[in-house]
Every structure is written in C-alpha cells, then in structure tokens.
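Order of the sequence lines fixes the chain letters, A, B, ..., with proteins taken first and strands second; residue numbering starts at 1 for each chain.
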Amino acid sequence: MKGTGETTDIVEKEMYTFIDKGGRSVTLRPEGTPSVVRACLENGLFGQLPVLKLSYIGQMFRYDRPQAGRYREFWQIGVEAFGSADPSMDAEVIQLAYQLVTEVGLKGISLELNSIGCKRCRPRYVEDLREFGKRHVDELCGKCVERIERNPMRLLDCKEERCRIVMKEAPVILDYLCDECAEHFAKVREYLDLLDVPYAVNPRVVRGLDYYTRTVFEITAEGLGAQNAVVGGGRYDDLVELMGGKPTPALGFAAGLDRIVASLEAQGFEFPIDEGIDCFIAVLGREAKPVALKLATSLRREGFSVEMEHLGRSLRAQMKTADKLKARFTAMIGEDELKSGRITLRDMKSGEQRSVEEGEIPYILRRGGFSDGADAPS
RNA sequence: GUGAGUGUAGCUCAGCAGGUCAGAGCGCCUGACUGUGGAUCAGGUGGUCGCGGGUUCAAGUCCCGCCACUCACCCCA
C-alpha cells in the first residue's frame with residue numbers, strides 16, 4: 001500500500017482484508033499499478049528496454065458497498081509505460097485509452113485532463129490550499145475539515161454542494177505549476193490536439209491515488225449515473241523510486257472492464273447474440289448411443305460445436321431441444337440409420353432432410369447447407 | 001462507512017387487515033402428432049415461503065436478530 005497512499009479512500013476504507021487459514025492478514029489488490037512496478041523490480045524488467053510498455057488484465061478487489069457499475073471484484077485492463085518523461089508518451093497513452101473506449105462503442109464519452117504538478121511545485125500549492133481551507137473551515141463538511149490537515153488536495157473533489165461552492169474560489173493548481181510542469185502540460189495538450197483527441201481541462205480532477213505527478217486524466221461515459229468513470233490514469237514519475245527502484249518516469253491508466261460493459265448495456269448497445277450450435281445429434285434407442293457418441297466426438301475434433309441426447313427421450317422432445325439450442329443441423333441416428341449405415345441430417349433452417357454418409361457431414365456443416373454434392377467427397 | 005429497499009417453484013413475480021395462501025405466467029416433462037423442432041391445446045412435475053428466535057389458538061403474512069442481494073450517498077474502475 002506504500003504506493004497507493006495512506007490517505008486515499010482506497011486505503012482508508014476500501015481494502016479487502018481478511019485473515020487466512022494461516023492467521024495471516026491478507027489484502028487483495030485494489031489496483032494494478034503498484035503490483036506491476038513491484039513485479040518489474042523483482043524480475044529486473046527495467047533496463048531491458050529503454051522504454052518499457054506493459055499491459056495486463058485482471059481482477060481487482062475493493063470492499064465497497066456494491067451497486068450498479070461497482071463491484072467488489074471487478075476487472076481492469078491496465079496499461080503502463082516506463083522510461084520516458086516526455087509529453088509525447090503522455091499523449092500516446094492517453095490516445096490509447098481514448099481509442100479503447102471509442103472503438104468499443106461507448107457513447108457520451110468525455111476526457112478530462114489536468115496536471116497536478118511535481119514534488120517541487122505541488123507543496124507550495126498544497127500549503128496555499130490548506131490556508132484557504134482554514135479560512136473557510138466553518139463552511140466545509142466534516143470530511144473536508146479533516147482533509148484540510150490530512151490531504152488538502154481531496155478538498156477539490158468533494159461532492160457536497162456547500163464544499164463545491166466554497167472550493168470554486170480555491171486556488172487552482174495550474175497557476176502553481178513550475179516552468180517544467182507547465183511546459184510539460186502545454187506539450188501534452190499540443191500533442192493531443194495533434195492527434196485529434198478531444199479533452200477538457202478540469203483543475204478539479206486530482207485522482208484518488210497519491211502517487212500521481214503532473215498529468216492526470218479521467219474518461220467518463222454516460223449511462224451509469226455516478227459510476228460514470230470508465231478509465232482513470234496519469235503520470236507517476238516518483239513511484240518506481242519510492243518502491244526501491246532507480247528513478248524512472250512513467251505513466252499509465254486502468255480501464256474498468258465490467259463498468260464498460262455495464263455502460264454499454266445501459267446505452268442499449270446490441271451485443272452479438274449467442275449463435276447456437278452447429279449440430280445436435282438425436283439418439284433413438286440404446287444401440288444408437290455409441291454411434292452418436294463417436295459422431296459427436298469426431299465432429300468436435302473437427303472444431304464443430306455439437307450436442308447430443310443423453311436422456312433417451314422421444315424424438316419429438318429431442319427436436320425441441322435441438323431447436324432451443326439453435327442447432328444449425330440435427331443428425332438423427334436410430335434403427336433405420338443403423339441398418340443403412342447412413343445418417344439422417346436435417347437442415348433446421350430450411351427443414352430439408354437427407355440421408356448422408358457420415359464422412360460428408362463435416363463438409364455440409366462447414367458449408368452451412370446441403371450442396372448438390374459437387375465438392376463433397378463421394 | 002451512511003441511508004433505503006428486497007428475499008415465496010428453475011426464472012419473473014402475486015399473495016390485500018395474521019385463519020383453504022401455498023398461487024400465476026414462463027420453463028421443464030408427457031400426450032394430441034408410434035422416428036421429427038419453431039404454433040396451438042390438454043395434463044403433469046415442481047417450494048424447509050432467506051436463516052434463527054418471539055407474539056398468537058393460528059404466521060410468507062406481525063415483532064426482534066442475523067445473512068444475502070439490490071439501489072443510492074461517499075469514492076472510484
């Protein structure tokens with residue numbers, strides 16, 4: 001938790017912690033970045049390439065109260081880029097995040113951008129913010145009064161109406177950036193314009209994690225009410241060093257997979273529907289069972305999705321099941337077939353039915369219908 | 001962490017002021033249609049009414065506790 005920050009909500013109230021069978025206190029990771037940094041440190045990945053870019057996908061856990069678009073176990077797609085402090089890398093990473101959410105089909109997207117300075121210029125700002133908070137103590141909510149001492153930056157994203165009104169007059173971080181940070185931020189914006197990535201500068205975006213420096217951003221999508229953040233990220237130039245590595249500038253983002261899906265659903269996105277199976281094998285009588293089982297297996301080995309009857313029900317019932325499974329074809333094996341050595345295959349869409357050699361079936365399935373036999377082996 | 005709501009058949013839910021209230025629709029099974037689906041009709045299967053206490057002659061139905069889930073706040077993915 002060293003990386004995430006002591007006064008963040010994640011650490012203060014969302015840690016998924018429990019005692020395991022060995023009596024150890026275990027905490028499930030609430031986010032990915034520190035783990036990635038640790039893994040890179042432990043395995044010596046830094047230094048293998050001048051710029052190291054990584055991506056991952058995995059579950060994260062936060063002990064929140066679940067609700068629409070927020071789960072205690074959720075999936076994140078993470079992207080991290082190490083090794084360059086150049087604004088071009090910021091632009092590259094932000095553009096990737098933007099492309100991800102747009103390509104997936106999300107609507108009502110907005111990208112909010114800010115810079116929260118570095119360890120040289122931020123302290124001055126935090127101090128002024130603290131002073132500002134002290135002057136308005138009696139106008140702020142209880143939470144914010146605590147924040148004045150513990151973490152003044154958090155005053156900025158309080159959702160309480162009265163706090164928001166007060167904070168409108170608060171000093172803005174962008175006015176405090178040192179020359180280097182200001183220059184960096186200007187370049188990031190310039191590059192984003194170059195790449196046609198639309199964004200809005202929002203000095204209120206400070207992010208919930210302590211390790212960020214300079215660039216921070218958040219992407220929201222409409223549909224889930226207050227749970228509208230689908231991507232969050234930023235630069236963290238001091239984290240690697242903080243965790244025991246050589247000073248390494250870096251930035252990254254995390255995209256909430258479940259939340260993106262939930263947002264898409266809320267937006268009425270049509271997900272590709274279940275296409276059904278290739279073939280259902282109807283079985284009539286005990287003698288037919290082994291033949292059906294072999295056929296099912298050989299078709300599966302060819303890559304087809306196949307189901308067969310295991311309950312010994314009437315053909316009628318089996319056909320109903322085939323229909324329900326949206327089987328493209330139904331193969332029937334009963335007394336007649338066992339006698340003739342052929343198999344009755346029914347095209348469930350057209351209703352056409354033919355007696356075929358077992359060897360022909362894969363060709364017919366692949367073709368999606370009966371042909372006139374021109375290219376089937378005879 | 002704060003507040004609100006819900007938990008009755010596989011699923012979606014109805015059960016009005018405590019006494020045939022254990023139901024409906026869908027699904028599933030069987031048959032009408034002896035080896036043939038998507039429609040219709042008939043019959044049937046199916047529930048410790050979240051768990052544990054309490055009140056009462058009698059409790060899904062009232063009270064208390066617990067658990068789970070949902071929603072909102074906070075915050076975030």
Side-chain angles (χ1 to χ4, degrees), chain A residues 4-5 7-15 29-33 57-79 97 100-101 106 141-144 146-147 151 154 156-161 163 205-209 216 218-221 224-233 252-263 276 280-285 288 309 311-339 343-353 355:
Chain A
T4 304
T7 60
T8 60
D9 264 25
I10 289 180
V11 174
E12 280 186 344
K13 69 172 196 183
E14 295 173 11
M15 301 250 284
R29 60 178 179 183
E31 54 136 347
T33 302
I57 175 170
Q59 306 95 307
M60 306 299 158
F61 302 84
R62 293 184 197 172
Y63 198 85
D64 260 356
R65 298 298 280 275
Q67 60 192 281
R70 189 175 68 199
Y71 316 115
R72 284 181 171 173
E73 175 181 2
F74 59 100
W75 289 78
Q76 281 190 341
I77 297 175
V79 165
L100 174 70
V101 295
L106 278 173
C141 71
K143 270 264 179 59
C144 283
E146 280 179 45
R147 287 169 175 156
N151 191 350
R154 298 285 310 287
L156 295 167
D157 57 7
C158 184
K159 298 288 197 293
E160 288 275 343
E161 188 63 26
C163 300
V205 175
V206 294
R207 308 289 308 142
L209 308 172
V216 293
E218 209 167 273
I219 298 178
T220 58
L224 290 181
Q227 271 65 53
N228 62 353
V230 290
V231 173
F253 70 80
L257 206 48
D258 321 73
R259 187 167 287 180
I260 287 171
V261 170
S263 298
F280 182 84
I281 302 176
V283 184
L284 293 150
E309 172 72 3
L311 301 175
R313 296 128 82 215
S314 68
L315 211 218
R316 180 186 165 67
Q318 296 187 46
M319 290 302 287
K320 279 187 171 230
T321 298
D323 191 59
K324 179 155 257 181
L325 293 173
K326 294 194 180 76
R328 186 64 188 76
F329 290 89
T330 296
M332 281 165 265
I333 304 174
E335 258 183 73
D336 299 348
E337 288 74 16
L338 292 176
K339 222 171 287 174
I343 284 167
T344 303
L345 191 65
R346 181 181 180 84
D347 180 328
M348 298 297 277
K349 213 173 275 177
S350 66
E352 185 183 359
Q353 191 165 301
S355 173

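B:A77 atom C1' lies 16 Å from atom CZ of A:Arg72, rounded to whole Å. For the pair A:Glu73 CD and B:C76 C1', the interatomic distance rounds to 17 Å; values are reported in whole Å. Spacing between atom CE of A:Met60 and atom P of B:A77 amounts to 11 Å, rounded to whole angstrom units. The CG atom of A:Leu100 sits 15 Å away from the P atom of B:A77 (whole-angstrom rounding). One can place CG of A:Asp64 at 16 Å from C1' of B:C69, the figure rounded to the nearest angstrom. The CD1 atom of A:Ile260 sits 14 Å away from the C1' atom of B:C76 (whole-angstrom rounding). Atom CD in A:Glu309 sits roughly 14 Å away from atom C1' in B:C28 (whole-Å rounding). In this structure, the CG atom of A:Asp258 is 18 Å from the P atom of B:C76, given to the nearest Å.
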Could you go through nucleotides 2-6 of chain B and list every protein N or O atom that sits under 3.5 Å from one of its N or O atoms, giving the distance for each pair?
| from | atom 1 | to | atom 2 | distance (Å) |
| --- | --- | --- | --- | --- |
| B:U2 | O4 | A:Arg65 | NH1 | 3.2 |

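A:Met15 has its side chain out of reach of A:Tyr63: every pair of non-hydrogen atoms, C-beta onward, lies at least 4.5 Å apart. Using a 4.5 Å cut-off on side-chain heavy atoms (C-beta onward), A:Leu100 and A:Phe253 make contact. Counting only heavy atoms from C-beta outward, the side chains of A:Lys326 and A:Met348 never approach each other to under 4.5 Å. Residues A:Thr344 and A:Asp336 have side chains not in contact (no heavy-atom distance under 4.5 Å, counting atoms from C-beta outward).
Here, B:C26 and B:G18 have their P atoms 32 Å apart, quoted to the whole Å. Only the C1' atoms considered, B:G31 is 14 Å distant from B:U45, to the nearest whole Å. Using P as the reference atom, B:A32 and B:C69 are 47 Å apart when rounded to the nearest Å. Look at the P atom in both B:C51 and B:A68: the space between them is 15 Å, to the nearest Å. Of the P atoms belonging to B:C29 and B:A39, the separation is 14 Å, rounded to the nearest Å. B:U61 and B:C16 have their C1' atoms separated by 10 Å, with the value rounded to a whole Å. Across the P atoms, B:C71 and B:C13 are found 13 Å apart, a figure rounded to whole Å. With C1' as the reference atom, B:U34 and B:C11 are 34 Å apart, rounded to whole Å.
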*What does nucleotides 34-46 of chain B look like as a protein-contact string, B for base, S for sugar-phosphate only, - for none, at under 4.0 angstrom between heavy atoms?*
-BBBB-B------
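With centres under 5.5 Å and a plane angle under 30°, the ring of A:Phe74 is stacked against the base of B:A77.
Contact annotation: A:Gln67 does not reach the phosphate of B:U70 (side-chain N/O to OP1 or OP2, under 4.0 Å).
Side-chain atoms of A:Arg72 do not come within 3.5 Å of backbone N or O of A:Pro66 as any donor-acceptor pair. Under a 3.5 Å cut-off, the side chain of A:Arg346 and the backbone N or O of A:Thr330 do not form any donor-acceptor pair.
Between A:Gln318 and A:Ala282, the closest heavy-atom pair is OE1-CA, 3.0 Å. Closest non-hydrogen pair, A:Gln76 versus A:Glu31, comes out as OE1-CA, 4.3 Å.
Residues satisfying the salt bridge (Lys or Arg N to Asp or Glu O under 4.0 Å) criterion with A:Glu337, sequence neighbours excluded, are absent altogether. Contacts of A:Glu73 classified as side-chain hydrogen bond (donor to acceptor under 3.5 Å, both in side chains), with partners at least two apart in sequence or in another chain: none. By the salt bridge (Lys or Arg N to Asp or Glu O under 4.0 Å) test, A:Asp347 pairs with A:Arg328, sequence neighbours left out.
Contacts of A:Ala68 with the nucleic acid, taken as non-hydrogen atoms under 4.0 Å apart, involve only primed sugar atoms and P, OP1 or OP2. The residue A:Gln227 sits close to a base: some heavy atom pair falls under 4.0 Å.
Classification of B:G60 as syn follows from a glycosidic angle within 90° of 0.
Heavy atoms from other residues, nucleotides or ligands lying under 6.0 Å from CD of A:Glu352 number more than 12.
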_Quick one, A:Arg259 with A:Tyr71, criterion side chain to side chain contact (heavy atoms under 4.5 Å, CB included). Give me CA distance, side-chain angles, the key distance, then yes/no._
CA-CA 9 Å; A:Arg259 187 167 287 180; A:Tyr71 316 115; over 6 Å; no
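The residue among A:Trp75 and A:Arg70 whose nearest nucleotide of RNA chain B lies closer to the 5′ end is A:Arg70.
Not a single donor-acceptor contact under 3.5 angstrom links the side-chain atoms of A:Arg313 to the base of B:C29.
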*So what does the secondary structure string of RNA chain B come out as, 5' to 3', with Watson-Crick or wobble pairs under 3.5 angstrom, [ ] for crossing and | for pairs with another strand?*
(((((((..((((.....[...)))).(((((.......))))).....(((((..]....))))))))))))....
